[in-house]
Each structure stands twice: as structure tokens, then as C-alpha cells.
Amino acid sequence: MKIQLPDGSPLELPDGATGADAARAIGEGLARAALGIRVSENGTGELRDLSAPLPDGASIEIVTGKSPEDGMGPLWLIRHDAAHVLATAVTELYPGVKVSIGPPIDDGFYYDFDFPEGVTVSSDDLERIEQKMREHIKADERFERSELPVAEAIERFRAEGQDYKVELIEDLVRDEGIESVSLYRNGPFTDLCRGPHSPSTKRIGAFKLTSVAGAYWRGDASRQMLTRIYGTAFLSKDDLEEYLRRLEEARARDHRKLGRELGLFMLSDVAPGMPFWLPKGTHVWNELTTLWRSTNVDRGYTEVRTPILYDVELWKKSGHWHVYRDNMYFTDIEDQPMGLKPMNCPAHCQIYLREARSYRDLPIRFAEQGLVHRHEPSGTLHGLLRVRHITQDDAHVFCTEEQIEDEVLRCLDFGFHIYDQFGFKPRLELSTRPEKRVGTEEMWDKAEAVLQGALESRGLEYDLNEGDGAFYGPKIDLHMTDTIGRSWQLGTVQLDYYMPEQFELTYTGADNAEHRPAMIHRALMGSFERFIGILIEHYAGELPLWLAPVQAIALPIADRHVPYARLVANELAASGVRVELDDRTESVGRKIRDAELQKVPFMLVVGDKEEDAGRVAVRRHREGDIGAMAVSELAEKLAAEIARRA
RNA sequence: GCCGGAGUAGCUCAGGGGUAGAGCACCGGUUUUGUAAACCGGCUGUCGCGGGUUCGAAUCCCGCCUCCGGCUCCA
């Protein structure tokens, strides 16, 4: 048989030859380094076991530690291996444990177990499990693949009490009509597994179990809670250490830690999920508000303010009572049931309804820094990134059918304009019609086409999230990741045909007939809370000058320089700079250190020399001394930089 | 909400049935400082909350709250 190598050259092999044979035919070194093989038949490549026979005429590529990862590469293989070794160790250490699934993931792998009644595993147990895993890796056990008819496989796993495996096979039979399954054995452990695997356990260069967590079987909250053990594996010890070091650094950028250290906000047991904004954090918030307000004016929005508490009848009409009640807070006022708003749309509809609207008025764009409350489950709260008190940079655009496309594009462009300001590169997601929805198929066809068209007309990459739209319309979401890679939705642009219907919004057309406007719901930053949280992590607390709570601090060298330092501070303040004065009786080294730790962009050191010359010695955060300049020159420079929002 | 872990001074953390500790912060004093921590002294606590066991509980047990990591949810 003949196969083709990546450089296009052919390789002749005996019939029935395997990937391992091919590697050996190319070279002993390659054979030793080989972890897997990528086999392409008819153009589609697939990662396979080295032990699998090669099809005649295929193109192959031996996967080694140096191969690109590209979705499924060397790391995928050894992490998959490591998951099996983890299950091997756990089944040995905990007799009676049931195994479920254990895939490789972005940064490592996990395996989900159902431990016998009364057995709990905590992070204290990980070391013991790692020890056992090391034994199996040291023993360099081979991964051996075998196939078994479905009936036999079910019988086997049932006999072993491995109910989850039985369920998996039964589902594979039902959904894919398979007749046999593949099993992989390494040492004493055999697992139902599609593969592929590297040749043996020793290929796992370095690994570490990282955490224990709960996870529902099949991601279904109504089913058994399993114990998930997370780990990570790399080809070398150095890679592992580098990864752990990066994780450590990432923790230092955590907005919750920085928020406390920099005095931006606080959280308290007396109001879980509802941040308190400290004076410094409030400056950040206010700067963002100024940006928000001016850009909304620039783009034709008018600002409104609406109540946060409404008669429950409104929520019944809007549909929230039916679909969103569990996420809302209710109270009675003089026996009248009221609900705190979880969204601003019904409020903006009330304003729309206040007067008769003409097609000449459209589009009408109401923007509000809208305060909504949502009952987020207690276990999901997370600093500023998941809160119950949410201040949205919300807006609703009421427009005609013909205006929708243009308005959607304007929303997106507006969003990118804001994100550019911070150097954010959001990941885009298009969510389409969910199973539970309102409106006609034609409406959905058009709405989805409009959103997709908007993305494509801007040449934007996006992930399609089928069936995940709002019940009233599809949406485009803007996502950012936090410091350890968790994805958070910030902005959203949604097309809504439902709310105008519910509230009977109308406008008079050129034909003098009544028409129904469409509604675009959009929040671009998403919420101030979440946006600032991401902002803090993005900048690692080193906010750009215009956002920095304290933009400059005057540092007198000795007490006798305090009056001059105060003069300097006053002059800067008069130019609109947020400036402080450190008049403590401390060494200048101490004052600098404290200002550096507070990440103050400009430190202004003043002593005899500066006072005599009417100048300040300027020190830039992290850069150090950048030389002396006249106070007026500095004031001008800072004011200009702040105005540019650079 | 679910699973696991944690909660001791403002912060970071030690202690683990018998008088509550350290460093930093804070306060007082001395030093008057030239680009990342001057020196000396002092203060600081419902050991998350409630109940129980005990002669005695921060420590053991039960319930609750909050936080952390996941999962579900949200989007």
C-alpha cells in the first residue's frame, strides 16, 4: 500500500501497516517521539491511534510533541491519557466508585466520578491520587484499544456496576445506531472511549490535579451530582510550571483583589451581590458615565430615567411574570403587589406610549443608565461580574421595519466604538430562535437574517449559538474573558417583535394607517458593574489616566515642601486633574512606594530644587523618573491627555 | 439552587478543649528624609451568626449566613 507524507512524498508500506509502522519507516527518532497520527482520506483529517491500520492512499502526519495543537494535537492526546490515568487511580483507591466521562478541555482535563455513599473527596485527597497516578505513568502502561459488540459491552459494564457507562452505550445505540463500541485499557483500567490515545502512559510528561468540584451528570441539574476532579497535563515539567506561574499571575489581576487593594468597591454580607462603590470606584464609574452620556448624545439617543418598582400587572403584560418571575423580587405596597424591574424595556414602552407617534419621529432611541435587579442564584454571584444589582447602559430603539437593518448596524458600530476605546476585542455570538418563542417563522427568518447580515457586512467573525436567542427575538452578544479565561457576556443587541405587540405600540405611517414599530434592545457595555470588573482585570488595575481615580499625587520630600506641594496640587486641580497630596511625615521612598502600589499614574516629587525653579520632578507609574517640568506645562499635558482619553 | 472547601484584628495569615497570636495597617513619639518600606513604643478581636455537648468551646456537634472553586442557571 502507498501513503502520502506531509511534504507530498509517497511512502510504500506493507498492507495492514499501522501509524507506528509508518513512523518507524520514516525514522527511529520519529517513532519514539510519536504520540498519534493525523490521517486524511478524501480531504478530511482525523487524529487516530498509532496502532490503527492505515487505509491505502491516505495522507498522514505523525503527531509528536512538536506538532501544532490545532484543536486536537499532542496536548489533547496526553490530557485525554491523563484523564484515563486519573480514573485508573481513583478506581483503585476508592472501590465501588462509578466512573462517567473524562474529556480533555482547554487547559487540561477532568473526570467525573460518582463516589459510594458517604465518601467525599476534597482537594486534600488530590495528592494521594496524584501519587497513584504517578505509579501508573512510571509503569508506562500501554493504551490498548479493543472493540466489543454493544450487547457484550453493556453486559460487561452492568456486571461491574458501571451504570453511567451502560447509559452512555444505550444512548449511542439509540442516537447513532452503533453496533459496537471501542474500549481502551491501560493497566488495570478499561474505559468506554472513542479514542484516540497516545501509545502509553509515560507520554504524559507532567501533570497536576488542580481542583475538585461538583458537576451534574450530563449537565442536567435534575440528575445525579457527580464529583469532578480537574487536572492539567503538559509535555514537559517546564511547560507545566510555566502554566502554573501564569495562573498565579492571573490571580493577582483578579478584580476582587484589586478592587479591595485599590479601594474601588466593597462587598458586604448585608447585601450579597450588590457592590458598594467607594469614593475611588465612584470616580471610575462617573468617568464611564460621562463617556456613556456623551457618546449616546452623539449617536442620536435621548436619555431617560424610569422607576425601578412597578405594579405586577405591568410584568404580567410584558411577559416577565410568566417567564422571568423566578428571577424577580416582589413586594406589596399597601396591599398592591409590586415587582422590581429586571429589565428596562417595559418602562421605555410606557414612555413611547405617552404620545401619538408618527413615522417621522422614528427611529426613537431611549437610553437609560437603567438599574435593574435580578435574583441570580446564590452560588453564581461573582464579584462585579455576576451581581444582583445591575446598572445597564441600556437603550431601546423603536423603528420601522425598513429601519431595522440600519439601526442594528448602528448599534454594533456603536459597540465597537466603545470597545475600541479600551482596546477590547470582544468575541461575538449570534443566538438564534429558541424552542420556546413567540412570533411567526417569517419574523424569525427575517430577524435572524438581519443580524447575520449585519455581522457579515462588517466582515466580523462570530460563533453561532443556535437556539439560544431571547424568547422574543435573536440577538448578537459581545463577550469578553476575565483574567483566568472565563467568558462573560457584556453587550447585547436584540431584535424584539414581542414587546411592541404586548404593549400595543403604534405609529402612524405615511399612509395614515397605524403600524407596529419594531424594537431593538441593546446594552453595549452590558452593565457598569460587569464592564468595570472586566476593565480592572484587563488593565490589571492600571487604569488609563482618564479613568484613574487619582491621576496624580504630589510628594513633598520634607515637611517644609508641603506648602509648595499644595500649590502644585491646587494648580493641577484647577486644570481638572484629580490630584492628591501626600503630606505625611514619611520618607519620599515610602511615599513613592505607596503611590506605586496604588497605581497612581503620575507622582510629582517636589523638594528644594523644584521649589526654587517652580517645577516638579515627574515620575510615571512603572516607568520611573521622566524628568522635571514646569507646573503649568505639566498641568497642560495632563489635561490634554485626560481630554483625549488616551 | 447543587457539590466540595473556607470564614481568627482593617489586610495577609498562624493557632486547634484550659488567659487569643505575628507581620503590615492604625495611634503616639523620634527622625526631615531625593525616586518602591526610617526607628522606638502602643492599641487593635462578639475567633461569621445561632443553638448544643462540656467544669470550660475560636477549637467538638447541629442549623444558618457569606465567600472561594466548579456545575446548573443567566446571557
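Throughout, protein chains are lettered first and strands after them, A, B, ... in sequence-line order, and every chain is numbered starting at 1.
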- Query: Among A:Leu478, A:Asp394, A:Ile418, which residue meets the side-chain contact (heavy atoms from CB on, under 4.5 Å) test with A:Leu524?
  - Reply: A:Ile418
- Query: Reckon A:Asp477 touches a base, only the sugar-phosphate, or nothing at all at heavy-atom distances under 4.0 Å?
  - Reply: sugar-phosphate
- Message: Nearest 0.5 Å, please: how far is CE in A:Met343 from NE2 in A:His521?
- Response: 7.0 Å
- Message: Please classify the nucleic acid contact of A:Gly219 as base, sugar-phosphate, or nothing, using heavy-atom distances under 4.0 Å.
- Response: sugar-phosphate
- Select base, sugar-phosphate, or nothing to describe what A:Tyr324 touches, counting heavy atoms under 4.0 Å on all strands. sugar-phosphate
- A:Arg325 atom CZ is separated from B:C74 atom P, nearest whole Å, by 16 Å
- Scanning all shown strands, the Watson-Crick or wobble mate of B:G18 with both distances under 3.5 Å is B:C55
- Query: Under 4.0 angstrom, heavy atoms only, what part of the nucleic acid is A:Ala595 near: base, sugar-phosphate, or nothing?
  - Reply: nothing
- Query: With a non-hydrogen cut-off below 4.0 angstrom, is A:Tyr110 in contact with a base, only sugar-phosphate, or nothing?
  - Reply: nothing
- Query: Of all the nucleotides listed (B:G4, B:A36, B:U33), which has the minimum atom distance to the side chain of A:Ser122?
  - Reply: B:G4
- Map A:Pro272 and A:Ser123 onto RNA chain B by nearest heavy atom, then report which one ends up closer to the 5' terminus. A:Ser123
- Using whole Å, report how far CG of A:Leu267 lies from P of B:C65. 18 Å
- The side chain of A:Thr120 lies closest to which of these nucleotides: B:U31, B:A36, B:G4? B:G4
- Message: Other residues, nucleotides and ligands only: do more than 12 of their heavy atoms fall within 6.0 Å of CZ on A:Arg486?
- Response: yes
- Among B:A36, B:U33, B:C71, the one nearest A:Arg593 by side-chain distance: B:A36
- C1' gap between B:G48 and B:C67, integer Å: 10 Å
- Give one of base, sugar-phosphate or nothing for A:Ala215, where a contact means two heavy atoms less than 4.0 Å apart. sugar-phosphate
- Query: Taking only side-chain nitrogens and oxygens of A:Arg584, does any of them come within less than 4.0 Å of OP1 or OP2 of B:C27?
  - Reply: no
- Item | Between B:G70 and B:A14 - C1' atom distance, rounded Å | 29 Å
- Note on the structure: Closest of B:G69, B:U66, B:C74 to the A:Asp269 side chain is B:U66
- Query: Per the ring pair (Phe, Tyr, Trp, His ring centres under 6.0 Å) rule, which among A:Trp315, A:Trp321, A:Tyr310 passes with A:Phe330?
  - Reply: A:Trp321
- Heavy-atom pair with the smallest gap, counting every atom of A:Ala595 and A:Ile553: CB-CG2, 3.9 Å
- Separation of A:Glu586 atom CD from B:U32 atom C1', in whole Å? 11 Å
- Query: Nearest to the side chain of A:Ile592, which nucleotide is it out of B:G34, B:U35, B:C73?
  - Reply: B:U35
- Query: Is any side-chain nitrogen or oxygen of A:Arg590 closer than 4.0 Å to OP1 or OP2 of B:A25?
  - Reply: yes
- Task: Once you apply the 3.5 Å cut-off to both distances, tell me the Watson-Crick or G-U wobble partner of B:C74, or none.
- Result: none
- Measure distances between side-chain N and O atoms of A:Arg619 and base N and O atoms of B:A36, and say whether any donor-acceptor pair falls under 3.5 Å. yes
- Task: Could you give the distance separating B:U59 and B:U19 at their C1' atoms, to the nearest angstrom?
- Result: 15 Å
- Task: Give one of base, sugar-phosphate or nothing for A:Ser222, where a contact means two heavy atoms less than 4.0 Å apart.
- Result: nothing
- Query: So what does A:Ala558 hit on the nucleic acid, given a heavy-atom distance under 4.0 Å: a base, only sugar-phosphate, or nothing?
  - Reply: base
- A:Met225 has a side chain; which of B:U32, B:C74, B:G70 sits nearest to it? B:G70
- Enclosure of A:Asp106 CG (heavy-atom neighbours >12, cutoff 6.0 Å): no
- For A:Ser587 and for A:Val212, locate the closest nucleotide of RNA chain B by heavy-atom distance; then report the residue assigned to the nucleotide nearer the 5' terminus. A:Ser587
- Task: Give, for atom CD1 of A:Ile520 and atom SG of A:Cys345, the distance between the pair rounded to the nearest 0.5 Å.
- Result: 13.5 Å
- Looking only at side-chain atoms of A:Arg260, point me to the closest of B:U31, B:G34, B:C11. B:C11
- Query: Which value, in whole Å, describes the distance between the C1' atoms of nucleotides B:C62 and B:C74?
  - Reply: 34 Å
- Atom-pair distance (NE2 on A:His373; P on B:C74), nearest Å: 21 Å
- Identify the residue among A:Phe422, A:Tyr419, A:Phe424 that makes a ring pair (Phe, Tyr, Trp, His ring centres under 6.0 Å) with A:His538. A:Phe424
- Note on the structure: Rounded to whole Å, OH of A:Tyr216 lies from P of B:C2 at a distance of 8 Å
- Does any nucleotide pair with B:U30 by Watson-Crick or G-U wobble geometry, both distances under 3.5 Å, and what is it? B:A38
- Item | Nearest-Å distance once atom C1' is located in both B:U12 and B:C26 | 16 Å
- Query: Expressed in angstrom and rounded to an integer, what is the separation of A:His621 atom NE2 from B:A36 atom P?
  - Reply: 13 Å
- Once the angle between the rings of A:Tyr243 and A:Phe234 is folded into 0 to 90°, is it parallel (under 30°), tilted (30 to 60°) or perpendicular (over 60°)? tilted
- Query: In the structure shown, which nucleotide is the Watson-Crick or G-U wobble counterpart of B:G7, with both distances under 3.5 Å?
  - Reply: B:C65
- Note on the structure: Out of B:A36, B:C68, B:C71, minimum distance to the side chain of A:Arg256 belongs to B:C68
- Message: Rounded to whole Å, how long is the line connecting atom CD1 of A:Ile229 with atom P of B:G5?
- Response: 13 Å
- Task: Describe the nucleic acid contact of A:Gly379 in one word from base, sugar-phosphate, nothing, applying a heavy-atom distance below 4.0 Å.
- Result: base
- Message: Using a heavy-atom cut-off of 4.0 Å across all strands, would you classify A:His382 as base, sugar-phosphate, or nothing?
- Response: sugar-phosphate
- Task: Describe the nucleic acid contact of A:Gln224 in one word from base, sugar-phosphate, nothing, applying a heavy-atom distance below 4.0 Å.
- Result: nothing
- Note on the structure: Value for CG (A:Leu451) from CD (A:Glu448), rounded to nearest 0.5 Å, stands at 8.0 Å
- Item | Any A:Arg486 side-chain N or O less than 4.0 Å from OP1/OP2 of B:G69 | yes
- Side-chain N or O of A:Arg374 less than 4.0 angstrom from OP1 or OP2 on B:C73? no
- Message: Taking only the C1' atom of each, what is the distance from B:G51 to B:G15 in whole angstrom?
- Response: 25 Å
- Message: Within the 4.0 Å heavy-atom criterion, would you say A:Lys609 contacts the bases, only the backbone, or no part of the nucleic acid?
- Response: base
- Query: Considering only heavy atoms and no angle criterion, is a donor-acceptor pair shorter than 3.5 Å present between the side chain of A:Arg386 and the base of B:C73?
  - Reply: yes
- Task: Select base, sugar-phosphate, or nothing to describe what A:Leu381 touches, counting heavy atoms under 4.0 Å on all strands.
- Result: sugar-phosphate
- Query: Just how far, in rounded Å, is P of B:A36 from CD1 of A:Ile553?
  - Reply: 15 Å
- Query: Taking the side chain of A:Pro377 as heavy atoms from C-beta outward, which of B:C73, B:U33, B:G70 is closest to it?
  - Reply: B:C73
- Could you check whether A:Asp468 gets within reach of a base, just the sugar-phosphate, or nothing at all, counting any heavy atom under 4.0 Å? base
- Item | Side-chain N,O (A:His375) to OP1/OP2 (B:C73) below 4.0 Å | no
